[in-house]
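Beneath this line is the structure, given in structure tokens, with notes to follow.
As the structure is a prediction and not an experimental result, all values here were calculated from the model. Order of the sequence lines fixes the chain letters, A, B, ..., with proteins taken first and strands second; residue numbering starts at 1 for each chain.
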Amino acid sequence: MSFSQLIGDWHALAVLFVAGVVPNQIWRMLGLWFGGGIDEGSELLVWVRAVATAILAGVIAQIVVEPPGALASVPDILRYGAVGAGLVVFLLTRRSIFAGVVTGELFMLAGKWWLG
Amino acid sequence: MALPPLDSPQWQSPWRAFAWGLRSITQTILTIVLFVTYLGIGALAHDTHFSLLWALASTLFVWAGPAQIILITTLGSGATIIQSAIAVTVSAIRLFPMVVSVLPLMRTPTTKRRELIFATHLTAVTLWVECHRFLPLVPRERRIAFVHGLGCGLVSVCLCANTVGYFLAANLTQTLGAAILLLTPLSFLFSTARNSREVADVVALTLGILLYPLAAKMNSGLDILVSGVVAGTIAYGVHWWREVRA
């Protein structure tokens with residue numbers, strides 16, 4: 001791997017800012033600008049937090065339902081099964097993130113190995 | 001490591017508060033989760049022919065795992081800049097309520113808006129979760145410095161992870177690559193579920209996941225926004241109904 005490969009070209013970096021940094025950062029700055037007058041315990045904030053949680057849940061679902069990159073090589077049933085198995089163990093272990101993640105991963109790897 | 005009590009002289013210096021924030025990254029499993037997630041992002045960037053500098057710049061300036069994965073995946077699969085920008089901005093909408101809910105925890109009556117810009121940039125799901133856990137233990141006038149320390153620590157961990165993942169990618173098989181990508185939804189799902197203390201949070205999380213595939217069928221390009229607003233509003237309705245009955 002050469003040094004210039006690690007740096008890449010300036011065009012790709014410009015695309016990063018136009019397609020990635022600006023569309024992402026704009027929501028943070030809007031929050032800074034318009035969030036000022038809102039009280040911590042207000043009803044509006046309860047709604048806004050619920051919507052934020054649900055949008056994040058949508059991103060989680062999207063990655064599993066319409067998988068990117070190498071994850072697309074894993075059959076649907078294994079991806080859903082991995083999340084389901086992880087969730088069951090997460091709940092059984094009094095909400096251990098670690099146990100849930102490890103179970104989900106093992107389920108997928110074992111399934112891949114079993115299917116060949 | 002326990003944070004010093006609220007009235008401790010340890011909190012008198014903002015630099016000390018910054019250092020306590022920095023050290024707090026060792027107090028949460030989410031640091032490991034972030035490391036693993038950003039390992040995956042580094043590997044994904046390599047596999048989609050982005051440079052290491054590009055991957056590191058995306059972590060520094062975007063600083064949102066889902067947005068970075070969406071950006072790399074869409075650009076890598078030949079989407080236009082506009083299409084990628086729309087997908088990223090939709091995934092980033094959730095940052096707005098996060099910033100709105102986290103900044104009041106740091107603000108004092110004399111805080112100026114510009115003092116909050118860097119903390120605003122650092123706000124992403126992990127910081128949002130950790131702020132709600134740590135900030136009640138930090139004196140209000142030192143919270144911005146503490147968050148700067150916590151955020152800088154987390155960003156540094158992720159930059160290291162990107163670099164390691166980028167160089168590992170050449171040696172990873174497709175199955176191991178898939179395993180690294182699967183870490184993202186698993187870790188985000190369980191860390192959000194762990195923080196769901198109220199019924200409304202659980203409803204928002206569950207419905208948000210279940211409604212997304214339905215919303216995606218509408219093919220509006222705003223799937224996540226539609227399912228998020230609907231699921232979040234229903235969750236708020238549940239919260240309101242319980243309040244009224246109580």
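- In terms of non-hydrogen atom pairs under 4.5 Å with chain A, the most contact-rich of B:Leu56, B:Ile234, B:Ile209, B:Val229 is B:Ile209.
- If you measure heavy-atom distances from A:Leu16 to chain B, the contacts under 4.5 Å come from both the backbone and the side chain.
- The environment of A:Leu92 atom CG is dense: over 12 non-hydrogen atoms of other residues, nucleotides or ligands sit within 6.0 angstrom.
- One finds the CG atom of A:Leu32 at 13.0 Å from the CG atom of B:Leu95 (value rounded to the nearest 0.5 Å).
- The candidate with the highest count of non-hydrogen atom pairs below 4.5 Å against chain A, out of B:Leu53, B:Thr123, B:Ile117, is B:Leu53.
- For B:Leu71, the part lying under 4.5 angstrom from a heavy atom of chain A is the side chain only.
- Of the listed residues (A:Ser96, A:Ala82, A:Gly8, A:Ala12), the greatest number of heavy-atom pairs within a distance under 4.5 Å of chain B belongs to A:Ala12.
- Only the side chain of B:Val33 comes within less than 4.5 Å of a heavy atom of chain A; its backbone N, CA, C and O stay farther away.
- Residue contact with chain A, scored on non-hydrogen atoms closer than 4.5 Å, involves the side chain of B:Glu198 exclusively.
- Both the backbone and the side chain of A:Leu87 come within less than 4.5 Å of a heavy atom of chain B.
- The two atoms that bring A:Gly104 and B:Leu182 nearest to each other are O-CD2, 4.0 Å, heavy atoms only.
- If you measure heavy-atom distances from A:Gln62 to chain B, the contacts under 4.5 Å come from both the backbone and the side chain.
- Contact annotation for A:Ala72: neither backbone nor side-chain heavy atoms come within less than 4.5 Å of a heavy atom of chain B.
- Taking CZ of A:Arg28 as the reference point, atom CG of B:Leu103 lies at 11.5 Å (rounded to 0.5 Å).
- Each of B:Tyr212, B:Phe188, B:Phe61, B:Trp63 has some count of heavy-atom pairs under 4.5 Å with chain A, and the biggest count is that of B:Tyr212.
- Taking CZ of B:Phe190 as the start and OG1 of A:Thr103 as the end, the distance is 7.5 Å to the nearest 0.5 Å.
- A:Arg95 contributes a side-chain N or O that, together with a main-chain N or O of B:Ala193, makes up a donor-acceptor pair within less than 3.5 Å.
- If you measure heavy-atom distances from B:Val36 to chain A, you find no contacts under 4.5 Å at all.
- The shortest heavy-atom contact between B:Ala231 and A:Ala54 is CB-CB, 3.7 Å.
- With a 4.5 Å cut-off on side-chain heavy atoms, B:Ser51 and A:Ile7 do not count as touching.
- Using modelled atom types, one side-chain atom of A:Asn24 and one backbone atom of B:Val62 make a donor-acceptor pair closer than 3.5 Å.
- A perpendicular orientation is assigned to the rings of A:Trp27 and B:Phe96, their planes being inclined by more than 60° (bins at 30° and 60°).
- In this structure, the portion of A:Val74 lying under 4.5 Å from any heavy atom of chain B is its side chain and not its backbone.
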(message) Between A:Leu6 and B:Phe167, does the side-chain contact (heavy atoms from CB on, under 4.5 Å) criterion hold? Intermediate values first, please.
(response) CA-CA 10 Å; A:Leu6 294 179; B:Phe167 286 109; 4.1 Å; yes

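- Residue-environment remark: CZ (B:Arg242) stays at or below the threshold of 12 foreign heavy atoms within 6.0 Å.
- Side-chain contact between A:Ile97 and B:Leu30: present, with at least one pair of heavy atoms (C-beta onward) separated by less than 4.5 Å.
- Considering only heavy-atom pairs separated by less than 4.5 Å from chain A, the leading option among B:Ala235, B:Ser84, B:Ser187, B:Ala179 is B:Ala179.
- Contacts between B:His49 and chain A at a heavy-atom distance below 4.5 Å are absent for every atom of the residue.
- Annotation: the span from B:Leu183 atom CG to A:Glu105 atom CD amounts to 4.0 Å, rounded to 0.5 Å.
- Looking at A:Leu30, the atoms closer than 4.5 Å to chain B (heavy atoms on both sides) sit in the backbone and in the side chain alike.
- Atom OG1 of B:Thr173 sits about 8.5 Å away from atom NZ of A:Lys112, to the nearest 0.5 Å.
- A pairwise comparison of heavy atoms in B:Ala216 and A:Glu66 identifies CB-OE2, 3.9 Å as the closest pair.
- Of all heavy-atom pairs between B:Gly232 and A:Trp47, the closest is O-CD1, 4.3 Å.
- Within the 4.5 Å cutoff, side-chain heavy atoms of B:His239 are placed close to those of A:Glu43.
- When the shell of 6.0 Å around CZ of A:Phe98 is examined, it contains 12 or fewer heavy atoms from other residues, nucleotides or ligands.
- When every heavy atom of A:Ile60 is checked against every heavy atom of B:Pro185, the shortest pair comes out as CG2-O, 3.8 Å.
- Around CG of A:Leu115, the count of heavy atoms belonging to other residues, nucleotides or ligands within 6.0 Å exceeds 12.
- In this structure, OG1 in A:Thr53 is found 7.5 Å from CG in B:Leu205, a value given to the nearest 0.5 Å.
- In this structure, the portions of A:Leu13 lying under 4.5 Å from any heavy atom of chain B include both its backbone and its side chain.
- Taking each heavy atom of A:Ser73 and B:Ala178 in turn, the nearest pair found is OG-CB, 4.4 Å.
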